[in-house]
Amino acid sequence: MTDYASMTITHNAKEFLQPSDVAEAVRWLDHGADLARDLKGTKAKHRDVIWQLLVEAVEVIDKTPDQERRWLTSGLRSNWKYPTGMSHPELIALERVRVLSAMKPFDSDQTKYSSRRDDEERAMGVLAWMRWVRAAKSGDRLSKAAVVLARSGDSEIVQKIYCPNRKSNAQNVHEIKIRTAGLIMTGLRDDLGIVRGEGISFR
């Protein structure tokens with residue numbers, strides 16, 4: 001089983017978190033807001049945005065074919081080269097051209113050639129945010145428990161990972177979600193300057 005809670009630690013810490021990527025991070029958060037709104041409607045909160053992004057990220061990577069998943073989780077992403085010598089961004093551009101060239105004439109609706117790679121990029125970006133969780137007190141246990149919980153893991157197993165010395169209760173699971181989302185929001189604010197906006201938006 002892939003340890004998504006720790007796999008991003010060996011990456012360049014700023015790989016997904018450059019100031020120039022703020023707009024992209026906000027787009028991911030807008031997507032998370034849609035997920036949270038679909039799930040909870042008007043009761044959705046900012047922490048639900050973060051949590052739904054994490055749930056989706058784990059699901060996306062879980063569904064990735066083994067060969068590609070090994071690349072995504074290898075810890076060498078920032079320096080990884082394809083056998084052809086092309087970089088990952090170059091391959092993405094090439095794939096985009098390939099897909100677009102297969103479109104029918106005048107067919108410019110971008111929703112029709114939306115690549116799964118976009119989902120994978122967002123998933124890896126969101127999982128990179130877990131570094132803020134790991135940096136906190138008991139962060140290793142919290143991050144591992146959060147990923148298991150995001151995968152819809154058994155609550156008893158989740159609690160044994162997070163707080164092995166406590167009696168099991170629903171509050172422990174709730175605490176995992178709250179702490180994880182809170183630490184990520186703090187990281188977004190401190191490192192990227194992204195703060196909570198109106199409703200469940202981020203700006």
Side-chain angles (χ1 to χ4, degrees), residues 1-19 21-22 24-26 28-29 31-33 35-36 44-62 64 69-70 72-79 120-196 200 202:
M1 182 180 296
T2 304
D3 184 2
Y4 302 130
S6 60
M7 71 184 192
T8 58
I9 292 303
T10 53
H11 292 172
N12 181 341
K14 294 292 185 180
E15 181 178 353
F16 295 101
L17 303 171
Q18 295 291 344
D21 291 336
V22 171
E24 185 171 31
V26 171
W28 295 341
L29 291 162
H31 174 70
L35 296 176
K45 301 181 183 299
H46 287 92
R47 63 173 176 262
D48 297 316
V49 174
I50 302 297
W51 188 255
Q52 290 308 309
L53 281 173
L54 180 58
V55 169
E56 183 192 64
V58 171
E59 181 180 7
V60 166
I61 300 301
D62 275 347
T64 301
R69 189 187 307 170
R70 281 195 293 273
L72 287 170
T73 60
S74 67
L76 301 174
R77 184 172 185 191
S78 59
N79 298 314
E120 291 171 352
E121 290 290 339
R122 183 174 60 247
M124 290 298 294
V126 170
L127 289 170
W129 294 349
M130 294 297 286
R131 73 187 185 91
W132 293 314
V133 178
R134 289 180 61 84
K137 183 178 180 180
S138 303
D140 285 348
R141 292 202 310 270
L142 175 59
S143 59
K144 290 176 182 177
V147 168
V148 173
L149 185 60
R151 191 185 276 117
S152 300
D154 181 86
S155 61
E156 186 173 344
I157 294 175
V158 169
Q159 292 181 75
K160 284 182 178 179
I161 295 172
Y162 176 57
C163 47
N165 298 322
R166 292 190 205 169
K167 291 183 178 179
S168 297
N169 62 70
Q171 182 60 33
N172 294 335
V173 173
H174 183 66
E175 182 180 324
I176 292 169
K177 290 184 177 182
I178 297 296
R179 283 196 65 202
T180 299
L183 289 166
I184 290 175
M185 284 190 285
T186 298
L188 288 170
R189 181 196 66 199
D190 293 347
D191 283 12
L192 290 181
I194 297 175
V195 297
R196 288 178 282 188
I200 54 174
F202 287 82

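- When all heavy atoms of Ala44 and Ile200 are compared, the closest pair comes out as O-CG2, 3.2 Å.
- Atom-to-atom distance recorded for Thr186:OG1 and Leu188:CG is 9.0 Å, nearest 0.5 angstrom.
- Summarising the geometry of Ile176 relative to Ala146, their closest heavy-atom pair is CG2-CA, 3.8 Å, with the distance given to 0.1 Å.
- For His31, the side chain to side chain contact (heavy atoms under 4.5 Å, CB included) partners at least two apart in sequence or on another chain are Leu35, Leu53, Glu56, Arg122.
- Here Ser143 contributes atom OG and Arg134 contributes atom CZ; the two are 4.5 Å apart, rounded to the nearest 0.5 Å.
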Steps toward side-chain contact (heavy atoms from CB on, under 4.5 Å) verdict (Leu29, Ile50): CA-CA 7 Å; Leu29 291 162; Ile50 302 297; 3.7 Å; yes

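- Legend: residues meeting side chain to side chain contact (heavy atoms under 4.5 Å, CB included) with Arg179, ordered by chain and number and at least two apart, are Ala136, Leu142, Tyr162, Glu175, Leu183.
- From Ile194, atom CD1 reaches atom CZ of Arg189 across 12.5 Å, with rounding to the nearest 0.5 Å.
- Leu192 and Ala25 make their closest contact through CD1-CB, 4.1 Å (heavy atoms, listed as atom of the first residue, atom of the second, distance).
- Ala181 and Arg47 make their closest contact through CB-CB, 3.6 Å (heavy atoms, listed as atom of the first residue, atom of the second, distance).
- Of all heavy-atom pairs between Leu127 and Ala57, the closest is CG-CB, 4.1 Å.
- Contact between Gly32 and Val49 at its shortest, heavy atoms only, is C-CG1, 3.6 Å.
- For Lys177, the side chain to side chain contact (heavy atoms under 4.5 Å, CB included) partners two or more places apart in sequence, or in a different chain, are Trp51, Leu149.
- Here Asn172 pairs with Gln159, Arg166 under the side chain to side chain donor-acceptor pair (under 3.5 Å) rule; sequence neighbours left out.
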Verdict with reasoning, Trp132 to Asp190, per side-chain hydrogen bond (donor to acceptor under 3.5 Å, both in side chains): CA-CA 10 Å; Trp132 293 314; Asp190 293 347; over 6 Å; no

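- In this pair, Phe202 and His46 present their aromatic rings perpendicular. The plane angle is above 60°, beyond the 30 to 60° band.
- For Ser138, the side chain to side chain contact (heavy atoms under 4.5 Å, CB included) criterion is met by Arg141, not counting sequence neighbours.
- Between atom CG of residue Leu54 and atom CZ of residue Arg151 there is a gap of 10.0 Å, rounded to the nearest 0.5 Å.
- Annotation: side chain to side chain donor-acceptor pair (under 3.5 Å) contacts of Glu59 (sequence neighbours excluded): Lys63.
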side-chain contact (heavy atoms from CB on, under 4.5 Å) between Lys45 and Asp48, intermediate numbers included: CA-CA 5 Å; Lys45 301 181 183 299; Asp48 297 316; 3.7 Å; yes

